[in-house]
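First listed ligand is number 1; within each ligand, the first listed atom is number 1. All values reported here derive from a predicted model rather than from experimental measurement.
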Amino acid sequence: RFSHSGGRWEERKITYRVLNAPPELNYDVVREAIRRAFNVWQTFIPRDFVEVSSGQADIMMKFGEYHHGDPYPFDGPSGTLAHAFGPFGYGDPIEGDVHFDDSETFSVRTFDDINLFLVAAHEIGHSLGLGHSQDSTALMAPFYSGYQPNFELPYDDILGIQTLYG
Ligand SMILES: O=C1CC=C(NS(=O)(=O)c2ccc(-c3ccccc3)cc2)CC1=O
Ligand SMILES: [Ca+2]
Ligand SMILES: [Zn+2]
Ligand SMILES: [Zn+2]
């Protein structure tokens, strides 16, 4: 019961860049969690996600708080955790970009804080052109449902991404 926001990436190779890390996490730990989040989607579509460490990437990912350079300021602790821009198709550099709210406490291990890997995987779904799913068990469900050990992409999300890129 997935949805599409319109547009998709046509190129086979999609580049991404992790611009910074939040104070509570080591930069390489952030990069590793984001790499795993891309792998969740890459398994099911004919696209290769390639990390670049300089210059302009298709998907620029950064942590920021409140006003952080786009017309959508974050709201401080809790509330919105992150947001992403879909591949609208008119070549705006912000397309695909993912921003994480630096006012949140992200974690990559524990079950209590916000799991960076899961939030990144959800936002990457938007970057690829998926909207929210009505299926509450889907990764693209509108609500964060907490970390699950050894995460597997739910069927609704596989259907959604393969309909768009299959
Ligand atoms: O489309 C939107 C606009 C509102 C959002 N709210 S959020 O940042 O609190 C958020 C909500 C749910 C998730 C999520 C949902 C399912 C699995 C993992 C994360 C991530 C972020 C995030 C989002 O992606
Ligand atoms: Ca917030
Ligand atoms: Zn933003
Ligand atoms: Zn969302």
Side-chain angles (χ1 to χ4, degrees), residues 1-9 14-25 30 33-34 36-42 44-45 49 56-108 110 112-148 151-165:
R1 309 216 312 266
F2 52 87
S3 66
H4 296 151
S5 62
R8 69 171 205 166
W9 298 92
I14 301 171
T15 56
Y16 73 92
R17 185 175 166 201
V18 181
L19 287 165
N20 59 2
E24 72 270 18
L25 290 176
V30 168
I34 287 174
R36 281 191 295 122
F38 274 107
N39 290 344
V40 161
W41 297 105
Q42 185 169 284
F44 298 100
I45 55 175
F49 297 115
Q56 187 66 27
D58 295 319
I59 299 178
M60 300 289 267
M61 310 177 88
K62 70 177 182 181
F63 291 78
E65 53 183 7
Y66 302 106
H67 289 278
H68 55 276
D70 62 23
Y72 312 97
F74 281 127
D75 51 5
S78 80
T80 299
L81 312 171
H83 57 221
F85 301 86
F88 316 121
Y90 47 79
D92 185 321
I94 203 159
E95 285 174 16
D97 290 5
V98 176
H99 300 154
F100 299 94
D101 188 349
D102 219 348
S103 302
E104 310 301 338
T105 306
F106 289 99
S107 85
V108 291
T110 56
D112 49 2
D113 289 328
I114 306 291
N115 187 264
L116 177 62
F117 159 75
L118 260 190
V119 172
H122 176 91
E123 297 307 331
I124 291 164
H126 288 313
S127 300
L128 296 176
L130 289 179
H132 283 149
S133 167
Q134 276 72 36
D135 181 337
S136 63
T137 66
L139 173 61
M140 295 314 294
F143 303 102
Y144 177 72
S145 53
Y147 181 64
Q148 310 127 22
F151 173 82
E152 303 234 327
L153 191 61
Y155 188 59
D156 186 72
D157 302 291
I158 296 174
L159 276 182
I161 201 69
Q162 290 193 330
T163 314
L164 199 54
Y165 288 90

For the Zn ion (ligand 3), the closest N/O/S atom belonging to D70: OD2

Which atom, counting only N, O or S, brings [X] closest to the Ca ion (ligand 2)?
{"X": "E104", "value": "OE2"}
{"X": "D75", "value": "OD1"}
{"X": "D101", "value": "OD2"}

Side-chain heavy atoms of F100 within contact of L81, under 4.5 Å: no

Mutual orientation of the aromatic rings belonging to Y90 and F88 [parallel < 30°, tilted 30-60°, perpendicular > 60°]: parallel

Of all N/O/S atoms in H122, the name of the one nearest the Zn ion (ligand 4): NE2

Any donor-acceptor N/O pair, H4 side chain to T163 backbone, under 3.5 Å: no

Short side-chain to backbone donor-acceptor contact, H122 and L139, under 3.5 Å: yes

Angle at the Ca ion (ligand 2) (to 10°), with one arm to O of S78 and the other to O of T80: 100°

Interatomic spacing from CG in D70 to CD1 in I94 - rounded to 0.5 Å: 4.5 Å

Atom pair OH (Y155) and CZ (F2), whose distance is rounded to the nearest 0.5 Å: 9.5 Å

Angle at the Zn ion (ligand 3) (to 10°), with one arm to ND1 of H99 and the other to NE2 of H83: 110°

The Zn ion (ligand 3) to nearest N/O/S of D97 below 2.8 Å: no

Presence of N, O or S from S103 under 3.0 Å of the Ca ion (ligand 2): no

Presence of N, O or S from G76 under 3.0 Å of the Ca ion (ligand 2): yes

Pair T15-D58, side-chain donor/acceptor within less than 3.5 Å: yes

